[in-house]
Every structure is written in C-alpha cells, then in structure tokens.
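Just so we're on the same page: letters track the sequence lines, and every chain starts at 1.
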Protein chains: 2
Amino acid sequence: MPAATELQLLRFLPFRLNRLAVEVSQNLAQIYRQRYGIDVPEWRILATLGAEGRCTAQAIAASTRMHKTRVSRAVAYLREAGHVRVAGGTADGRETQLQLTPRGRRLYETLVPLALARERELLATLDPVLAAAFLEALDRLETALQLPRTEAALRAGRPEGPRQTARQTSGSTARST
Amino acid sequence: MPAATELQLLRFLPFRLNRLAVEVSQNLAQIYRQRYGIDVPEWRILATLGAEGRCTAQAIAASTRMHKTRVSRAVAYLREAGHVRVAGGTADGRETQLQLTPRGRRLYETLVPLALARERELLATLDPVLAAAFLEALDRLETALQLPRTEAALRAGRPEGPRQTARQTSGSTARST
DNA sequence: CTTCTATAGTTGTGATCGCAACCATCGTAG
DNA sequence: CTACGATGGTTGCGATCACAACTATAGAAG
C-alpha cells in the first residue's frame, strides 16, 4: 500500500471543523442578527463586557482573539447603538475603559440565555459521555495549538498571532482566508 | 440559583469551534499558501477534482459547500494557473466538466500528503480513544445540523443553505458573517 | 414551434476583514 | 527636560466573500 494520497474532503478534519464552525455560527448569528441588529464581533464584545464588567478594547481583542481593528469598529458601532459606553479613562491616557450601558446589559441578558440554550441543544445531540469526551478533546486541541483557554492564560498570554497574507506570486490577484 | 445568565466566552462552544477552525485552517493554509500560491477555496477544488476525477462546478460547490461564485472565481484562477482545465462539455450545454491538468495533479499529489500529515498530527494530540470519540461526536453534530457527510448524502442532498444578510435595521452600516 | 420556468455559470456590487500606517500617550534613558 | 522605542486605538486601503442580477441553455407545457 503506497503512501496515502487519498483524501476525502468530506472526511478531512480541517474542512469539517470549518464547516461545522460556520454552520454553528451562522445558526446562532441568525438569532441575534436581524432581531437585534448585532453581529458576531458585536456579540463577542457584549459577551466580554457582560462578563468582565469593564475593560479596555485591547483586553477585548486579546480575549476574543479578534483583530484590534475589528474590535475598534464593532465598539464604535455598539457605542452608536447605545449598548456600550466609555467608562472613564485610566491612569494610562491611551486606553479607554468600556462598559455596557443599561440598554446594553438588557440586550446581554436577553442574548445569553438564548446562546446558552443553543449550546445545550448542540451538546444534547451527543449523549453525556460523548459530550464530555468532545469537550475534553477540544481542550486538548486548544492546548496543543496554544489557544488561551482561561482568563488566567490570557493575562500571561502570547500576543495575538499574525495572519499571513497570500499569493503575491504568479497570480494577478492576491487572496487570503 | 437563577436561570443561567453566566457566559464565559472562552468556554462557549460556538466561539471555541470558530477559533479552533480558524486556527487549524490558517495553520494548514500557510503550508500551501505562499509556497504553492493557492488558497483555501482553490485547495478545496483541487481536493475535489483530485478525488472525483472530473466534475462540474456545480458539483464542486455542493460538495465543498462553497458559494458558486466562490467556486467560479477559484476555478478561473486555477485554470489561469494551469492546474485545472475544461474536460469537454456534457450533454447539458450549460455545464462544463472540469478536471486537473497533469500539473494540477502533481500539485494535488504534493499537497495531499502534507494535508493528511497535518491532520494526523492534530489527532495525535488526542489519544486514540479520545480521537475516536471526537470524530464520532463530529459525525453526530454534522448529522444533527444536516451537513452532508458522504458523497452519497450529497447526491440526494439538500440544496446549499442561504446565508442570511445582516443588520439592515437601526445601523448605518450593514454587516455579515 | 413558441413560451415559461428552472438551472449552470459569470459578473457587478456592497460589506467585512485584516494589514499597514498613523496619532497620541507612556516609560525609560540620557 | 528632551529623545526614543513601545503600546492603545483609529483610519486608509486592498482583498475576499456572498448576494443579486444577468446570460445562456434545458426541459416541460401548450
């Protein structure tokens, strides 16, 4: 039997992970998309601020692993929409503390149960034993890939990874993702 | 204890899946990105054509769950690059059969072992029992979300799902993802 | 044969993403 | 006190993505 050159895309782990993640995200996003007018980046910020109380954009970026420009723009939107406000400056004049407005907190408290319900729904399709194994496997993969798994890990954390930009060679158009 | 309104983003399944998928994808993409000048959509097309021998753009779109425009453009690029060529028309004059060129097949045969190695590497961070459980869980989740898991499922398959477009309301800018 | 609806594939367009560059402030060194 | 490198945050810009609209062909109905 020769070295494996057989690859079924539908059985290929990276592909499956991508597909699953997209599906789950889209699925969940629809819940808060048109109904509440917020999108994934905004949702992540709400979730972070909702749990943390208050923190800087930088902290949000690190925690959500979103690019700081994405955070910046999503925060701008959320402020416009009245969900987030600046919670005064810090000793450090460069950074700005952010927090939810009452309106933002109401939204947060509306969304969290929906999100958790959806999560439970997903895990319910696995029996408890399998679900536990699945989460355990996730933990290990995250560890192997050095993804921060706790707040604590974050504070000590590695800086956000650079995203390679593509195909300067041989093509007329460059791409990424 | 009140209804759960606690949500740790870092422990939230959809977030974790997304993060993991992105990381794995990026990780893998770098292997073939600058070195071979192809990107995720192109890779998927190579993989499909490599395994299928020949098929239509439509079939590729269904199989990879990529939007048909994405397929169209990636195919255009691959044809320009000499990796893919038209393999004559069909009875149906609208569709075009595609297949790898020899050059494309060489690339395919270069990439597949790399991809499989990376996959094995990932799964190796889980011991065999856990890996099996993980894959089993993936299967079940895919089934629950009605994602096609085999070629056979595809042929009978549900049409590709529409991707909801976002936030027409209440904001000045609309977004998606 | 003509008409109407559905499908394969391409192109136009608006939106998001992330990198690079930028501005402002901090902290340290001279 | 001033100079300089580092960091928080914003903005410009190029690239991708997916939806909508379009072209062309297929197939059924009249």
Student: Are the charged groups of B:E109 and B:R106 less than 4.0 angstrom apart, N to O?
Tutor: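 Result for this pair is no, no salt bridge flagged.
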Student: Please report the shortest heavy-atom distance between A:L10 and B:S63, naming the atom on each side.
Tutor: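 Of all heavy-atom pairs spanning A:L10 and B:S63, the closest is CD2-O, 3.6 Å.
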Student: Who passes salt bridge (Lys or Arg N to Asp or Glu O under 4.0 Å) against B:D92, sequence neighbours left out?
Tutor: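 Salt bridge (Lys or Arg N to Asp or Glu O under 4.0 Å) list for B:D92, sorted by chain: B:R94.
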Student: Nucleotide by nucleotide, 5' to 3', does protein get under 4.0 Å of the base (B), only the sugar-phosphate (S), or neither (-) in nucleotides 5-12 of chain D, counting heavy atoms?
Tutor: -BBSBBBB
Student: Could you pull out all residues at least two apart from B:F134 that satisfy ring-ring contact (aromatic ring centres under 6.0 Å, His included)?
Tutor: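 Only A:F134 meet the ring-ring contact (aromatic ring centres under 6.0 Å, His included) criterion with B:F134.
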Student: Measure from CG on B:L78 to C1' on C:dG9 and round the result to the nearest Å.
Tutor: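 Distance, rounded to whole Å: 16 Å.
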Student: What are the two closest heavy atoms between A:Y77 and A:E42, and how far apart are they?
Tutor: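 Heavy-atom minimum between the residues: CD2-CG, 3.7 Å.
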Student: Could you tell me the separation between the CD atom of A:Q30 and the P atom of D:dA18, rounded to a whole number of Å?
Tutor: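 One finds 14 Å between P of D:dA18 and CD of A:Q30, rounded.
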Student: Looking at B:A61, is its backbone amide N or carbonyl O close enough to the side chain of B:R44 to form a donor-acceptor pair, meaning the two atoms are under 3.5 Å apart?
Tutor: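 Pair absent, no side-chain N/O of B:R44 close to backbone of B:A61.
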Student: Nearest whole Å is fine: how far is D:dA20 P from B:R70 CZ?
Tutor: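 Atom CZ in B:R70 sits about 17 Å away from atom P in D:dA20.
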Student: Could you tell me how far apart B:H67 (NE2) and D:dC19 (P) are, to the nearest whole angstrom?
Tutor: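 Value for this atom pair: 5 Å.
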